[in-house]
Amino acid sequence: MAVGTEVRERYKSDLKPIWCPGCGDYGVLTATFMAFGNLGLKPEEVVIISGIGCSGRFPAFTTAYGFHSLHGRTMPVALGVKAANPNLTVIAVGGDGDTLAIGGNHFMHACRRNINLTYLLLDNNLYALTKGQASPTTLPSQTTDSTPYGSYENYVEPCALAILYGATFVAREFSARARKLADVIAQAIQHPGFSLVHILSPCVTFFDTYDFYKQQVKELPQDYDQTDMHLALKYATDMEHRWLGILYRTYKPTFEERVQSIKEKAMQRYQNVTLKDLLNRRRV
Amino acid sequence: MAVGTEVRERYKSDLKPIWCPGCGDYGVLTATFMAFGNLGLKPEEVVIISGIGCSGRFPAFTTAYGFHSLHGRTMPVALGVKAANPNLTVIAVGGDGDTLAIGGNHFMHACRRNINLTYLLLDNNLYALTKGQASPTTLPSQTTDSTPYGSYENYVEPCALAILYGATFVAREFSARARKLADVIAQAIQHPGFSLVHILSPCVTFFDTYDFYKQQVKELPQDYDQTDMHLALKYATDMEHRWLGILYRTYKPTFEERVQSIKEKAMQRYQNVTLKDLLNRRRV
Amino acid sequence: MPVNEFVIRVGGDTLEGGIIRTGEFLAHALARCGLEVFTFRTYPAEIKGGQAMIQVRTAEQPTYTHGDEVDILICFDEEAWEIHKQDFNPYGVLIYDSKFEPKNVPGTSITYGLPFSEIAKTRLRNPLGKNMVILGAFSALFGLPKETFEQLIREYWGRRGEKVVNANIAALNEGFDEARKFEKHDPYRIEVRPMSDRMILSGNEAICYGAIAAGCKVFAGYPITPASDILEWMMEHLPHFGGTPLQVEDEIAAIGAVLGASFAGAKAMTATSGPGLSLMTEFLSHAAMAEIPCVIADIQRAGPSTGMPTKSEQSDLYQAVFGGHGDVPRVVLAPSTVQGCFYVTVHAFNLAELCQLPVIILSDQSLAHRTETIAPIDLDKLIVIDREVYDSFIHSGDDKGYRRYRLDETGISPMSLPGQVGSYTAEGLEHDEFGHPNWDPENHMTMTEKRFRKLELALRYGEYYPGFEGFRWYGPRQADVGVITWGSTAGAVREASKLAELEGISVAILHVSMLYPLHKEIVRRFIISMKRVLLPELNYTGQFAHLVRGETGLDVVSYAKVTGVPFKVREILEAIRELAHEVIYVR
Amino acid sequence: MPVNEFVIRVGGDTLEGGIIRTGEFLAHALARCGLEVFTFRTYPAEIKGGQAMIQVRTAEQPTYTHGDEVDILICFDEEAWEIHKQDFNPYGVLIYDSKFEPKNVPGTSITYGLPFSEIAKTRLRNPLGKNMVILGAFSALFGLPKETFEQLIREYWGRRGEKVVNANIAALNEGFDEARKFEKHDPYRIEVRPMSDRMILSGNEAICYGAIAAGCKVFAGYPITPASDILEWMMEHLPHFGGTPLQVEDEIAAIGAVLGASFAGAKAMTATSGPGLSLMTEFLSHAAMAEIPCVIADIQRAGPSTGMPTKSEQSDLYQAVFGGHGDVPRVVLAPSTVQGCFYVTVHAFNLAELCQLPVIILSDQSLAHRTETIAPIDLDKLIVIDREVYDSFIHSGDDKGYRRYRLDETGISPMSLPGQVGSYTAEGLEHDEFGHPNWDPENHMTMTEKRFRKLELALRYGEYYPGFEGFRWYGPRQADVGVITWGSTAGAVREASKLAELEGISVAILHVSMLYPLHKEIVRRFIISMKRVLLPELNYTGQFAHLVRGETGLDVVSYAKVTGVPFKVREILEAIRELAHEVIYVR
Ligand SMILES: Cc1ncc(C[n+]2csc(CCOP(=O)(O)OP(=O)(O)O)c2C)c(N)n1
Ligand SMILES: Cc1ncc(C[n+]2csc(CCOP(=O)(O)OP(=O)(O)O)c2C)c(N)n1
Ligand code: SF4
Ligand code: SF4
Ligand SMILES: [Mg+2]
Ligand SMILES: [Mg+2]
């Protein structure tokens with residue numbers, strides 16, 4: 001699936017992606033460009049924050065601002081960016097290892113703060129950049145270089161976690177469906193609050209899941225109620241099918257709105273007090 | 001509520017607790033002694049691992065082995081203890097800050113491993129040892145020294161999280177009900193797999209919740225089905241009442257069992273190969 | 001000197017309540033008498049219960065320490081006496097609650113036993129009023145005007161209503177009247193002096209004010225003793241200055257949020273103590289690589305590990321200077337006074353923004369929580385530096401586009417801010433001028449040099465912005481004994497060297513505030529100009545001594561102490577004497 | 001020397017596949033010809049695609065480096081030639097895929113262009129067989145017996161069935177025949193030598209074997225380049241040795257699990273690289289305080305931050321030696337050969353268990369992934385030390401109960417293990433002998449001294465257990481130029497100093513393997529015995545030079561390089577010459 005050249009020109013940097021041919025992450029990049037194009041975003045008003053992994057190289061392939069942070073630490077950086085400048089459109093890109101292994105705690109706290117940003121979770125069921133070890137989303141059937149006898153840990157389902165943590169928009173998509181994915185990403189960006197897009201993005205080099213997922217994925221039923229949290233938890237945790245679409249959507253005050261209201265309360269309490277005033281109060 | 005002097009003699013160290021008079025943690029200590037007594041545990045076969053906080057001082061007040069680790073890091077230590085010696089009875093003690101703020105990720109991964117241990121979460125809705133800042137379980141109504149205008153983050157409910165993470169025994173109790181608590185702790189210890197006991201344990205010094213919780217707590221209905229995960233999630237996340245009792249119980253292979261089976265597979269693959277054999281294979 | 005120049009200490013179990021407040025009231029009242037004050041406090045390990053103490057030194061001129069010996073000791077209970085008697089001046093005054101009888105009191109001292117608790121409980125029916133009873137007694141015994149205390153009571157409790165104020169004034173009067181019954185035998189007296197304009201502040205408060213003055217707009221932190229009060233102050237005050245304070249889930253998140261905020265254009269800071277600083281190590285290395293300005297205040301406590309959280313130490317220097325994998329440029333500054341805490345914080349922001357790197361402030365528990373009277377801070381004279389922001393007009397002419405990591409002479413490259421034209425990726429991988437990952441051998445060498453070249457500017461910073469002294473040389477250009485000092489130990493060193501001079505010892509001091517990068521040439525010159533060089537510090541491994549040797553290749557005598565409490569003046573004096581003796585001996 | 005003593009390099013894009021394997025087959029085949037081999041490899045940043053190379057040095061006696069200059073260069077593609085020509089010996093041999101025409105080949109060299117891809121693709125219909133074609137050609141050109149390769153093919157692909165084996169042998173033969181068409185003009189030749197008994201291993205493999213030999217029972221890790229293969233090996237092999245390997249959620253969990261396991265009685269270890277080491281900082285400090293034995297292998301890569309993950313550097317030394325808040329005793333060891341990786345790991349466990357503290361092994365990418373032929377390891381002669389376990393019978397007579405942190409002369413206290421009588425709490429707070437939290441000033445001093453006293457035993461360890469050399473002095477007791485070296489740089493230093501000697505320069509080497517605690521007296525003696533002392537290392541800040549100065553107060557000349565690749569012998573030789581010249585000049 002191709003992006004219009006105009007869109008590509010606008011959002012694609014001249015750095016050639018280092019991903020393997022056929023990698024699922026290409027689909028996500030394309031879909032992201034499409035979503036940006038559809039929303040007419042200015043590249044310089046977008047900040048893409050990534051961790052470390054194949055997925056982590058994402059920002060530099062775009063013309064947006066990027067922050068290639070540390071393994072697992074996208075969320076603290078995003079929080080800081082939003083605290084400094086709430087007007088920016090913030091996209092976080094994390095691998096499954098990034099998000100659920102080393103970065104699991106920041107992920108929880110970002111959700112519970114309902115920061116207005118979009119989290120693209122590029123899930124390939126393993127650690128790709130370090131060449132194929134088990135991750136928290138490694139499938140029970142999978143053996144990896146680090147789990148030659150199979151894993152002794154249970155699969156972790158990110159959508160259900162995000163819902164319980166307090167994320168207000170939770171969707172799942174498949175990188176092979178770039179157009180659908182682009183649509184979901186656009187909706188996620190428009191959603192006020194924390195939006196997770198869990199993307200099945202196969203690693204063709206270490207564990208090619210294209211065929212597996214093509215069989216397993218299924219679109220949410222027509223009459224699905226996106227606002228029912230416990231229903232969403234059920235669909236999210238279903239491992240027979242991987243349901244695609246928007247699993248959950250609700251509206252709660254965002255982090256940015258709450259910060260604003262705290263600023264107002266503080267202004268009320270302290271009026272126009274200056275630093276000079278405060279210092280003067282400390283005069284003997 | 002008193003413990004039999006015999007039990008007290010056996011499990012109580014001669015270090016005097018440094019907790020404030022009336023602190024909820026005393027109730028937990030007493031209940032733990034009772035549970036130990038009921039199960040007839042040998043103190044030297046028990047390891048109590050704590051983090052940092054008022055709660056963190058727990059192990060030294062007992063005659064068991066203790067490991068006063070770092071803030072938020074009980075679970076990695078417990079994993080190591082169990083990997084080295086699966087026969088030990090391991091109890092982890094964590095505050096709400098310990099467990100859900102800095103230690104949230106380790107908590108998730110310990111649950112998903114279903115390590116056979118008992119986690120006592122001493123929840124006082126704030127950071128007590130550092131003198132009263134907001135924690136992830138700080139109530140929406142609460143203001144603290146670090147949130148003078150109220151919090152901008154949502155409450156996190158530990159029981160629901162544990163269930164979703166893969167814990168196989170999840171209960172909630174109130175430190176004011178030491179006898180019930182003792183019973184739940186004993187069951188948790190006996191349960192094969194990860195057992196969480198979420199204990200409402202008021203901090204009388206910084207935010208006394210005794211009266212609040214006395215009003216709010218309620219025992220689970222008689223006909224409650226402990227094996228229904230989605231039901232458990234509903235009861236756990238109910239913030240109108242705080243339901244007490246065993247919210248969820250199921251049986252899955254424990255970490256220890258899985259390690260055992262991996263060892264067997266490895267033995268099968270490598271038979272009785274010695275290091276000498278392996279080295280010989282690397283001869284030119 | 002018995003008039004206006006002595007040391008008071010108040011000790012007791014915190015279960016009784018009010019120990020620290022008694023000292024604070026005393027300090028404020030003395031300051032209002034036109035005197036200088038310098039306090040020091042220690043807390044128990046327990047949240048409730050356990051011995052706490054506060055020491056207040058008063059003098060007509062500013063002092064540098066809280067004093068070695070206690071002239072007036074006020075004990076709430078017997079345990080307090082047992083703990084504090086070792087520091088008690090045998091010719092001093094002991095005031096105690098007569099509910100107990102202090103043992104082994106030196107016969108040379110004067111004692112006043114007063115039934116504080118008794119008075120508060122039965123006469124006033126206000127057990128918490130005990131500390132006011134004591135202040136009343138203090139007023140009567142030493143001539144500190146009672147009105148000064150009354151005024152403070154009104155200011156402190158005014159918001160709580162007339163009733164509370166009156167109850168406290170009643171307690172004050174009761175203590176005053178009770179103490180007047182004593183015949184005064186001791187020589188200590190307060191004489192009111194003309195008021196000069198001063199402020200009274202703690203080290204941590206000064207850091208908060210400094211941050212605001214420097215333009216801090218985002219603060220992220222996680223509670224930890226003894227830095228939590230900085231977080232709490234920021235949570236309360238940053239919002240009304242238009243900034244955003246964040247209490248986050250751990251220290252890794254704190255430094256991560258600081259870097260994100262700084263990247264997005266806000267001046268940003270975090271504050272922590274040893275365990276938190278350790279957790280920030282990986283991000284410290286990232287900040288250096290991606291060249292993101294940030295300020296980390298580390299309020300040191302006794303380590304290693306959880307250590308002794310309420311005790312003081314200077315043992316995070318190694319971590320501050322050397323922590324981090326790879327070659328990590330950073331600046332490390334250490335204040336040594338409350339005033340220093342303010343200015344060092346301002347300069348920390350300036351250096352961070354100027355050089356686009358992490359700046360670590362090394363304070364410590366004793367400095368954080370002591371209060372001092374200091375000269376008023378003149379905000380109008382402050383120099384505040386902002387980072388050089390990329391401007392596509394000014395910096396244009398670069399046909400290949402914006403180069404975030406442009407190889408300029410100083411090593412500093414203009415920084416573009418999200419929202420404006422000039423997007424780039426802040427990169428933790430090694431990269432070229434554009435920020436594109438690049439692993440060429442020569443590029444890594446060039447970029448590493450670039451990152452370290454910025455430290456040269458940091459070294460020269462003080463020359464350009466004279467408000468900041470990276471070092472200060474006190475005393476002669478050549479001497480028998482030189483003392484190199486840093487951080488909160490500097491006060492004791494200055495007092496000790498004055499005493500040593502009085503004894504005829506030739507002594508000079510090099511007080512270093514910029515610990516890293518080190519002014520090598522100055523330190524070298526100092527060391528070779530002195531016969532022997534002493535370096536006292538509150539850690540076991542002699543961390544700054546090691547750094548000085550490592551940077552200069554010259555030796556110094558390390559004097560290391562780890563007791564959780566600051567050096568006494570006399571300990572350092574003794575060490576200076578010993579070295580001076582050796583010098584004479586080898587002559 | 002053209003017979004048996006030269007350097008081969010294979011380079012190409014990994015998309016082609018088989019570059020590294022070609023080199024590995026070559027190395028193994030050469031070893032089977034009775035020769036010594038020493039390899040070195042570099043990887044691309046990309047997972048698929050990008051240039052990789054492997055260099056194989058062969059010699060009749062063991063060498064210390066992979067060689068500066070390439071005598072036989074095998075290029076899969078044009079880019080490879082462009083990259084590697086700078087290291088190409090102008091009198092060497094270039095073998096290339098004749099699908100391209102290499103430019104600017106020195107006229108003095110010999111070239112053989114063969115249609116590898118063409119042969120593999122069209123003649124053999126087995127594009128992946130290309131590397132076997134090359135090996136066949138190598139065999140024909142340089143006389144390495146084809147049977148040796150055949151044997152290796154059988155061993156390597158035997159499990160995959162006869163068909164695969166035959167296809168590869170066919171490719172081998174095809175290359176052999178093709179190359180025989182050339183007339184040989186070059187002087188390089190392999191002559192088979194009598195086989196001596198040796199092994200062929202990589203540095204990381206040696207660490208794994210060392211850990212098992214030392215009795216490691218729990219390994220916990222998190223993947224990270226270039227340490228992941230240790231984790232993978234442990235996940236596969238530790239279980240059948242009765243141990244438990246853990247892949248955990250991050251490096252904090254890894255070190256935490258190691259401490260838990262060690263507390264419970266198992267010898268335990270983790271392996272990581274810079275970013276992971278940084279994350280372990282807080283727990284490192286805890287291990288020191290609670291006195292828990294543990295081993296951390298840090299396989300250094302180029303930093304700071306994410307840096308250049310597949311490149312080599314020695315820049316985590318500061319973090320290894322100084323990382324951690326508070327005064328943190330630890331031992332830091334650095335191997336410099338593959339054999340050293342094995343023994344240093346065994347001794348790391350021994351020291352950890354003996355002294356009950358964290359021991360850090362500093363290896364690096366180049367050492368981790370190079371292979372060497374080494375003398376067989378005699379497991380029966382190994383010394384393995386277990387910690388002193390508390391025994392209530394032997395250690396009784398202590399009426400107050402078990403004292404975990406008993407103040408014994410050496411600083412080492414017998415340790416009780418969960419399950420046995422003698423329970424206590426491992427404590428990260430400062431504590432007394434029983435482990436009870438205690439914040440008395442004197443106690444903190446005493447306990448800090450206790451923890452550091454153990455380093456004295458660590459220093460003397462080599463005297464008691466002669467298998468371990470904390471340092472080694474090569475060459476004369478006095479010389480014009482002394483070189484202090486550590487880690488993987490030692491090889492280049494040894495070769496360079498041999499060359500310098502041949503030039504008539506008087507030179508000695510101090511090779512330090514125990515970096516911390518440092519054998520101060522030896523280092524001091526070495527420095528003052530030499531006219532000038534050079535300290536080359538792969539970092540920018542001269543980290544070991546700084547440590548040496550800091551510990552001895554004596555100066556050395558730091559030679560710092562950060563290019564991501566090891567020193568060349570000639571670079572160090574040049575530096576030695578310069579210093580020698582200075583010495584002569586100042587005479
Ligand atoms: C602190 C730290 N630990 C480990 C690593 C090594 N590392 C790099 S990427 C990665 C895992 C990548 O997996 P994932 O997040 O799923 O991303 P993917 O490569 O699959 O896109 C790891 C462990 C690191 N860079 N930093
Ligand atoms: C890395 C680190 N950060 C911060 C601290 C300071 N600290 C000590 S206890 C504590 C919070 C305690 O709260 P909680 O876990 O709820 O335990 P409680 O005291 O309430 O029982 C904090 C932040 C620390 N010890 N280590
Ligand atoms: S290794 Fe896997 S995830 Fe990484 S670029 Fe290749 S296909 Fe994509
Ligand atoms: S501060 Fe609170 S939690 Fe801590 S001991 Fe006192 S009552 Fe208990
Ligand atoms: Mg992945
Ligand atoms: Mg708590």
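Residue numbers begin at 1 in each chain, while the letters A, B, ... track the order of the sequences.
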Among the listed options [options], the residue most often paired with chain C at heavy-atom distances under 4.5 Å:
{"options": "Lys561(D), Met445(D), Gln543(D)", "answer": "Met445(D)"}
{"options": "Leu547(D), Val562(D), Val565(D)", "answer": "Val562(D)"}
{"options": "Glu430(D), Arg301(D), Met280(D)", "answer": "Glu430(D)"}
{"options": "Gly550(D), Gly303(D), Gly553(D)", "answer": "Gly550(D)"}
{"options": "Pro309(D), Gly323(D), Ser273(D)", "answer": "Pro309(D)"}
{"options": "Tyr318(D), Phe322(D), Phe283(D), Phe452(D)", "answer": "Phe322(D)"}

Notebook entry, point to check: Quick one: what part of Pro437(D) sits under 4.5 Å from any heavy atom of chain C, side chain, backbone, both or neither?
Noted result: neither
Margin query: Can a side-chain donor-acceptor contact be found between Thr42(C) and Gln365(C) if the only test is distance below 3.5 angstrom?
Written below: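 Thr42(C) and Gln365(C) do not have a side-chain donor-acceptor pair below 3.5 Å.
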Notebook entry, point to check: Can Glu313(C) and His444(D) be counted as having a side-chain donor-acceptor contact under 3.5 angstrom?
Noted result: yes
Contacting region of [X] [heavy-atom separation from chain D under 4.5 Å]:
{"X": "Glu427(C)", "answer": "neither"}
{"X": "Asn438(C)", "answer": "backbone"}
{"X": "Ala320(C)", "answer": "neither"}
{"X": "Leu554(C)", "answer": "backbone"}

Can you tell me which of [options] forms the most heavy-atom pairs within a distance under 4.5 Å of chain D?
{"options": "Pro304(C), Gly326(C), Pro441(C)", "result": "Pro304(C)"}
{"options": "Leu317(C), Asn539(C), Leu429(C)", "result": "Leu429(C)"}
{"options": "Thr541(C), Asp555(C), Thr310(C)", "result": "Thr541(C)"}

Check: Are Arg524(D) and Glu551(D) ion-paired here, with the side-chain N under 4.0 Å from a carboxylate O?
Finding: no
Item checked: Carboxylate-amine/guanidinium contact Arg451(C) Asp327(C), below 4.0 Å -> no
